[in-house]
Amino acid sequence: MNEILTLTRPDDWHLHLRDGAEMNSVLPHTARQFARAIVMPNLKPPVVDTAQAQAYRERILAALPPGLDFTPLMTLYLTDSLAPAEIERATASGVLFAAKLYPAGATTNAENGVTRLEKIYPVLAAMEREDMPLLVHGEATAAEIDVFDRERRFIDDSLLPLQRDFPGLRIVFEHITTADAADLVREGPATLAATITPQHLLYNRNAILAGGIHPHFYCLPVLKRERHRQALIAVATSGHPRFFLGTDSAPHAIGAKESDCGCAGIYSAHAAVELYAEVFDQAGALDRLEGFASFHGADFYGLPRNTSLIQLRRETWRVPESYAFGATRVKPLKAGESMAWRLMAADEA
Ligand code: NCD
Ligand code: ZN
């Protein structure tokens with residue numbers, strides 16, 4: 001048996017690359033499969049202006065192993081104090097492709113995020129004018145809101161008002177986790193899209209909590225119940241053009257996850273395309289994988305589709321227990337487990 005799946009080279013529309021030695025460890029995993037990635041700006045300190053984004057981009061390019069053709073698409077981290085003029089500088093730079101809204105405190109390194117949406121209305125107006133997409137971490141953050149309801153509450157409290165007040169603004173609802181978000185995007189206007197991670201397609205919340213607490217399955221937004229996972233699989237494999245691949249690969253050192261207060265984030269860049277291939281295969285929708293992974297995101301962002309190809313072979317391989325991560329190690333999704341598809345090296349075809 002020699003079953004091979006050929007795809008236009010995909011892009012990752014939501015990625016955490018970190019910085020320095022940690023970035024050097026994880027970047028090759030992404031660059032061997034993806035042509036481009038939307039690089040999240042939640043460094044410490046965050047990437048809040050064009051000059052910082054340009055400098056970060058240069059560090060990524062310098063860390064790229066020779067022979068790998070990969071383009072980082074940079075993003076700005078929105079804060080209460082960002083000047084609207086920065087949006088014009090950002091679009092003029094040619095290297096910034098979006099700005100990210102983290103509600104303050106919503107997730108890893110979101111302490112500098114936006115405290116009240118009204119505070120950034122002038123910036124959002126500039127983005128609408130400049131046609132720069134707004135990427136949202138779609139979770140309401142008020143302390144009294146149940147963790148499992150935070151995405152649904154964000155829709156009512158923030159997303160619908162945003163769409164009403166900025167009808168021309170393109171919005172990507174990042175890493176959606178609920179049937180509510182899937183329905184909203186499926187029925188929504190052409191300006192609204194969503195990314196979906198491999199973990200939210202492969203697992204429900206039992207992975208975190210059944211039979212003991214499993215910190216490596218903890219990410220934000222947190223995994224939800226099975227009915228939501230099924231809704232995500234349905235839209236991802238439907239061929240709908242406004243759902244696309246965004247891994248949200250978010251590496252943390254093993255010790256930072258296996259901790260009294262463990263960090264949110266799941267590392268999936270080591271096998272991203274293979275993980276999605278398993279989902280689409282199990283759903284009997286392998287023919288829809290290319291649209292989701294390689295076309296829909298580029299089309300929504302208004303960027304050219306890639307022209308080179310990748311190939312996956314149906315072949316069992318075992319995911320390592322951990323990978324180097326700067327001076328420490330990171331535990332990947334499906335550590336120690338076997339995978340059904342393997343990405344072939346460029347010279348293997
Ligand atoms: C991300 C991280 O670690 O940077 N963590 C996560 O659980 N997804 C931040 C984010 O995207 O929420
Ligand atoms: Zn993320």
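Note: hydrogens, waters and symmetry copies are ignored here, and every other heavy atom, side chains too, is used. One-based numbering, in listed order, for ligands and for the atoms of each.
The distance between the ring centers of His228 and His200 does not fall below 6.0 angstrom.
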### Task
Check the pair His270, Tyr323 against ring pair (Phe, Tyr, Trp, His ring centres under 6.0 Å), reporting the backbone distance first and the verdict last.
CA-CA 9 Å; His270 62 296; Tyr323 290 99; 5.6 Å; yes

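When Phe34, Phe300, Phe244 are each tested for a side-chain contact (heavy atoms from CB on, under 4.5 Å) with Trp13, only one passes: Phe244.
Of all heavy-atom pairs between Ala98 and Met132, the closest is CA-CG, 3.7 Å. Contact detail for Pro320 and Pro332: the closest heavy-atom pair is O-CG, 3.5 Å. Nearest approach of Phe166 to Ala125, heavy atoms of both residues: CE2-N, 3.5 Å.
Within 4.0 Å of ligand 1, protein heavy atoms belong to His14, His16, Arg18, Asn42, Thr107, Thr108, His137, His175, Cys219, Leu220, Asp248, Ala250, His252, Ala264, Gly265, listed by chain and number.
Counted within 6.0 Å of CZ on Arg305, heavy atoms from surrounding residues, nucleotides or ligands total more than 12; the atom is thus considered enclosed.
Using modelled atom types, one side-chain atom of Arg329 and one backbone atom of Ser322 make a donor-acceptor pair closer than 3.5 Å. Under a 3.5 Å cut-off, the side chain of Gln33 and the backbone N or O of His29 do form a donor-acceptor pair.
Listed by chain and residue number, the protein N/O/S atoms under 2.8 Å of the Zn ion (ligand 2) are His14 NE2, His16 NE2, Asp248 OD1, with waters left out.
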